[in-house]
Amino acid sequence: MGTSLRALRAFALLAGFHLLTLAVLGALLGVGIAAWVWASAVVAVALTALCVLLGVPVVRGTLLIGRPDRGDAVGLPVSESEQPGLWRAVRSLAEQVGTRAPDGILLTGDANAGVSEDTRLLGLLPGPRRLYIGAPLLTGLTEAQLHAVLAHELAHYRNTDTRLAGLTHRGRDSVLRTLAAFGEQERKRIDKKLSRREKAVAKGREVKEPDTGRAGLTHRMAAGPFLAYARFYLRATHGAGRAQELAADRTAARIAGRDATASALREMAVLDAAHDFYMSRYATMGVTAGLLPPRGEVFGGLRSLLTAPERQENLATLRNEPPAGVPSRYDTHPSPADRIRLIEALPDDGRAAAPAGPALALLRDADRVLADLETAVLTPETLALERADWRELTHRAMRALTVEGARPLREALAEAGLAASPSSATADLAVFLDAVDAGSLWRIAGHLPKSPEAARARGRAAREFLRPALLSGLCDLTELALTETAAARWEPSWAEPARLLLPGGREATEAVATAVRPAVGDVPDTAPLRDLLRAAAA
């Protein structure tokens with residue numbers, strides 16, 4: 001379908017939404033006028049108020065239209081004078097694709113790439129272009145794979161996908177915003193009924209459970225036509241979006257090669273999962289303790305995870321089994337598995353995906369760029385956190401988590417009337433072990449936080465509810481005591497969770513778990529745990 005026909009379709013879809021809006025508003029106006037002509041004043045006032053309430057979300061969805069571009073994206077702009085290698089590659093690919101090169105390149109912290117264009121006249125006239133490249137792609141892809149990704153994105157310019165994105169986005173945004181406004185009004189009515197019931201109960205009056213289904217029925221009925229149009233609109237536009245993605249894939253395969261394009265898609269699936277895992281388990285692990293990795297490592301540390309020998313088997317599994325996804329008529333992109341299958345079904349072009357240099361080599365002074373990216377995308381509050389090397393960050397972050405994990409047990413000690421020390425885990429552990437030997441284990445456990453079900457339980461059932469919390473809290477308290485008396489430290493690992501090690505490299509985490517279990521058994525035995533503490537201190 002040509003650009004003009006696609007623009008006409010996008011305009012027709014948007015116009016259809018506005019015609020639906022006018023029809024609904026006209027119907028509401030007609031109901032209001034009819035009420036004042038034929039009904040009593042009381043009924044007319046009530047119906048007018050209802051029509052106004054139903055008309056508000058319609059008007060909001062029509063008038064409040066979001067911007068179609070990505071002008072609010074956060075990233076690091078890179079000029080051609082700063083990064084000539086990257087710009088040279090992008091310009092060369094744009095020429096091969098047959099399109100105008102972007103006017104700006106923005107490095108982001110996402111494991112993705114994208115393009116935008118600030119068009120005019122609802123996308124009929126071109127405008128300034130911007131290319132977005134995620135730092136994780138530069139970190140994890142080869143140059144050949146990155147060329148395939150960039151050729152795919154530039155193909156969206158060549159196929160005028162970005163010029164029509166603004167018009168399509170406006171229609172989708174209007175439809176979804178209208179539905180969201182109806183949903184908000186429905187929730188308000190339901191919340192109001194629930195609030196009235198709570199106030200009545202608080203005053204000691206008996207009231208029936210409110211019918212929340214009826215509370216928002218009017219708004220759900222009014223939203224029905226918009227919901228039906230939204231489904232139609234999303235099916236029409238998302239189907240076109242999937243076709244655009246497949247067309248861009250074919251262009252990428254033509255420019256960068258079939259095998260390089262397929263391998264890039266496989267690696268993108270790996271990077272997507274690895275980046276999320278790295279950010280949650282490594283880059284931000286110290287934030288609660290007021291710590292950040294060394295400058296440049298918030299995004300740059302992903303390299304260590306990707307190259308860890310112990311991680312290669314897992315990464316290879318992700319690479320060989322890309323996500324198939326759940327087919328949906330509303331998906332804007334085909335699943336990675338489907339895209340790879342279609343690319344690999346293309347005729348062999350004789351350009352094997354031979355190993356190539358890392359894409360990060362396209363950047364001049366890559367370490368400085370990754371550090372500057374942190375300044376560009378992190379909040380001022382985050383940038384103000386203390387920096388620590390990975391070893392120190394891991395130990396302090398894990399210690400902070402362990403202190404929090406031991407807190408319920410230490411508070412239970414205090415509530416049980418036993419002397420507890422807020423500053424010494426060793427002293428608290430000694431008090432706890434003496435209390436266990438004196439037969440007070442379950443008295444202490446009775447002060448731990450409980451679920452409603454656990455609070456109702458008695459006898460052995462109550463103990464079984466409390467035992468996991470006891471075991472976890474005692475493990476944490478023991479580990480804290482080992483850091484105080486035996487200089488134990490949590491050490492970082494790119495292959496597994498951080499490990500608590502005693503001096504000399506002796507692993508303590510498993511030994512602690514083994515020694516703690518007897519202390520919280522049906523017949524408590526503290527001897528193994530006391531032996532571990534003595535041996536560690538010695």
Side-chain angles (χ1 to χ4, degrees), residues 1-3 5-6 86 88-102 111-115 131 133-134 136-138 140-165 238-273 315-329 331-359 361-362:
M1 185 183 292
T3 303
L5 287 178
R6 284 191 289 149
L86 179 61
R88 189 161 48 247
V90 170
R91 291 194 183 281
S92 172
L93 289 168
E95 183 178 352
Q96 294 176 67
V97 169
T99 189
R100 176 168 57 89
N112 207 345
V115 287
L131 172 65
I133 305 175
L137 304 189
L138 294 166
L141 298 180
T142 65
E143 282 194 39
Q145 290 169 337
L146 183 66
H147 286 173
V149 172
L150 297 182
H152 171 102
E153 298 302 333
L154 293 168
H156 286 305
Y157 288 139
R158 174 66 179 80
N159 299 333
T160 66
D161 301 336
T162 53
R163 287 173 56 183
L164 300 178
H238 287 186
R242 290 191 292 273
Q244 291 169 3
E245 293 302 319
L246 296 179
D249 281 345
R250 290 192 293 272
T251 299
R254 175 175 62 83
I255 301 300
R258 181 195 69 176
D259 293 350
T261 303
S263 69
L265 282 173
R266 291 184 182 278
E267 206 63 35
M268 290 274 284
V270 173
L271 287 174
D272 186 47
L315 296 176
T317 300
L318 288 172
R319 198 171 288 120
N320 294 327
E321 299 177 5
V326 179
S328 169
R329 66 185 69 184
D331 287 340
T332 56
H333 285 58
S335 71
D338 287 342
R339 294 173 65 188
I340 292 168
R341 176 179 54 80
L342 291 172
I343 291 172
E344 291 180 341
L346 295 173
D348 186 359
D349 54 17
R351 291 180 288 176
L362 289 171

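Remember, it's a predicted structure, so these values are computed and weren't measured experimentally.
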*Applying side-chain contact (heavy atoms from CB on, under 4.5 Å), run through L346 and T261 and close with a yes or a no.*
CA-CA 11 Å; L346 295 173; T261 303; over 6 Å; no

Which residues pass the side-chain hydrogen bond (donor to acceptor under 3.5 Å, both in side chains) test with [X], not counting sequence neighbours?
X    : value
E344 : R266
T251 : none
R91  : E80

[atom1]-[atom2] distance between [X] and [Y], expressed to the nearest 0.5 angstrom:
X    : Y    : atom1 : atom2 : answer
L86  : I133 : CG    : CD1   : 4.5 Å
L93  : T99  : CG    : OG1   : 12.0 Å
L246 : D338 : CG    : CG    : 8.5 Å
M268 : N112 : CE    : CG    : 5.0 Å
L141 : L150 : CG    : CG    : 9.0 Å

Considering all heavy atoms, the nearest [X]-[Y] contact:
X    : Y    : answer
R158 : G98  : CD-O, 3.0 Å
H152 : A252 : N-CB, 3.8 Å
A262 : I340 : O-CG1, 4.2 Å
A264 : V149 : CB-CG2, 4.1 Å
V97  : A155 : CG1-CA, 3.9 Å
A256 : R351 : C-NH1, 4.0 Å

*Does the side chain of P322 come within less than 4.5 Å of L265's, by heavy atoms?*
no

*If you look only at pairs with a residue in residues 247-258, which of them pass as a salt bridge (charged side-chain N to carboxylate O under 4.0 Å, His left out), with sequence neighbours excluded?*
D249-R339, R258-D348

With sequence neighbours left out, write down each residue that passes side chain to side chain contact (heavy atoms under 4.5 Å, CB included) with [X], or none if nothing qualifies.
X    : answer
E95  : none
P136 : A111, H275, L302
A273 : L318

*Between the side chain of S92 and the main-chain N/O of A89, is any donor-acceptor distance below 3.5 Å?*
no

